[in-house]
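In what follows, chains carry the letters A, B, and so on, assigned in the order in which the sequence lines appear, proteins first and then strands, with residues in each chain numbered from 1. Values below: all heavy atoms of this structure, side chains included; hydrogens, waters and symmetry mates excluded.
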There are 2 protein chains.
Amino acid sequence: MPSSQGAQPADKTPETRQLILQVAQRLFMEQGYRPVSTRHIAAACGITQPALYRHFATKQDIYVAMLMEMLALLHGRLEHLVGRHESVPTRLHLVARMLPATWIDARQMFHDIEHELDEPHRQTTANAFRQQVIAPIASLFAEGMAQGLLRSPDQGGLNATEATFLLFRLLDDHGTPGSRDRSSLQHADRMVDILLHGLIQQRDGDT
Amino acid sequence: MPSSQGAQPADKTPETRQLILQVAQRLFMEQGYRPVSTRHIAAACGITQPALYRHFATKQDIYVAMLMEMLALLHGRLEHLVGRHESVPTRLHLVARMLPATWIDARQMFHDIEHELDEPHRQTTANAFRQQVIAPIASLFAEGMAQGLLRSPDQGGLNATEATFLLFRLLDDHGTPGSRDRSSLQHADRMVDILLHGLIQQRDGDT
DNA sequence: CCTACCGATCGGTAGG
DNA sequence: CCTACCGATCGGTAGG
């Protein structure tokens, strides 16, 4: 009996892990955490469900590992945009235009992190999100405040981190009617414009 | 055999239905749709789970009935505030201050409506929400545009419905750090102020 | 990497 | 309004 070490046609493959993460990303981003069962992921990978557990200890670990890859990708793009030699508003527009393409559905993701992960996994993802995504964007807002361009908290504005979370809420247009035919680039530009200038009519012409 | 009509100590009670809705509202608003099982609701009401089905055909029906009561309450308060003789910005502040108290967690509710209800129930709730909540607030934005106070879509602004959804997204501060010690009234005022004037520094002093 | 299976939980029904 | 129970699905494990 000691001939069964587990060496089928494709066992312990190191690339299967990447396939799982790829498939999991697509499914989790489309449907959220709960509705995507470990059996769904396995089937989409062409393996059985228990085989998943040779690469990840729990379903939560699959989700977190996938999220980490997404955050790393996003971080690279953010650093690139934030470091450009452009005005703060211009760079805010660039960031806002890039985010929805990489991000897909931030609202769903926040919901899953809050409600489906246990405390350790929640801590891990929250920290990574803060460092890789929030921090770069917040530095942009901070720069605008240092220049006197943006209102600081004591001038009726927000601190840099609050402003960043607000930007995320603005960009999230799921459930808004008419969001289908509007291009996401137009929407991003519009939201940044309103965030900067507000809805009140500017008086540079007449009324 | 026609002696079993079902008449235990407390059967078919008409007030049990109200108790169920009351309990369901508390649980659903605290935890969301999925985690609150029909057994939880029944236990909190002091009855068994199958007894629920004497008052509601499905779990979704409980949720929708509860939502309808909340929307009706909210509608009354909105009509009252919107009809006041105050400026549009003042009434927007009043509405923004009232919403979080009645609403609790709009993000969770939207998520549940989208992901946990089937198409008929989703339609029902979406229509009620649009008519009882969105419409009154949108009329306020429309009034502001008619006065030339707020930017219309062709002036870089939003139409009244889009502006209303945006207001909801602004008021939703779940997950924002520091949202614990900030009073919800302060937060509401701040968000309306930013929605109206933006984050750009106004030049009415120097700089 | 597989087959087989566990314990738990769910919404809902049968039958009285 | 109750007891008892159904069929389905879930995450995860045993054992090879």
Are A:Y63 and A:F56 close enough that their ring centers fall under 6.0 Å? no
Salt bridge check, A:R169 against B:D172: does any charged N sit closer than 4.0 Å to a carboxylate O? no
For residues 37-44 of chain A, which residues have at least one heavy atom under 4.0 Å from DNA chain D? A:S37, A:T38, A:R39, A:H40
A:H121 NE2 to D:dG11 P, straight-line distance once rounded to whole Å: 14 Å
Modelled atom types, side-chain donor and acceptor of B:E69 and B:Q25, under 3.5 Å: no
Would you say A:E119 and A:Q123 are linked by a side-chain donor-acceptor pair, where the criterion is simply a distance under 3.5 Å? yes
Rounded off to whole Å, could you give me the CZ-to-P distance for the A:R34 and C:dC10 pair? 10 Å
Angle class for the B:H111/A:H111 ring planes (parallel below 30°, perpendicular above 60°, tilted otherwise)? parallel
Take atom CG of A:L52 and atom P of D:dG12, then tell me their distance rounded to the nearest Å. 10 Å
Could you tell me whether B:R151 and A:D193 have a side-chain N and a carboxylate O separated by less than 4.0 Å? yes
If you assign each of A:G46 and B:T58 to its closest nucleotide in DNA chain C, which residue comes earlier from the 5' end? A:G46
A:F56 CZ to D:dG11 C1': how many Å, rounded? 16 Å
Suppose we define a pair by two distances each less than 3.5 Å, Watson-Crick or G-U wobble; what does C:dA8 pair with here? D:dT9
Could you tell me how far apart B:D61 (CG) and C:dG11 (C1') are, to the nearest whole angstrom? 13 Å
In sequence, state the C-alpha distance, the side-chain angles, and the governing distance for B:R122 and B:E114, and then conclude on salt bridge (charged side-chain N to carboxylate O under 4.0 Å, His left out). CA-CA 7 Å; B:R122 185 158 44 239; B:E114 278 176 51; over 6 Å; no
Pair assignment for D:dG16, Watson-Crick or G-U wobble, requiring both distances under 3.5 Å: C:dC1
Quickly work out the B:I62 CD1 to C:dC10 C1' distance and round it to whole Å. 14 Å
Return the value, rounded to whole Å, for the distance between atom CG of A:D118 and atom P of D:dG12. 10 Å
Can you tabulate the close N/O pairs, meaning under 3.5 Å, that link protein atoms to atoms of nucleotides 13-15 of chain C?
none

Does the pair A:H40 and A:S37 meet the rule for a side chain to side chain donor-acceptor pair (under 3.5 Å), with working shown? CA-CA 5 Å; A:H40 292 147; A:S37 70; 3.2 Å; yes
A cation-pi test, strictly: NZ or CZ of B:K59 under 6.0 Å from the centre of the six-membered ring of B:Y33 and no more than 45 degrees from its axis. Yes or no? yes
CD of A:Q60 versus P of D:dG11: gap in Å, rounded? 11 Å
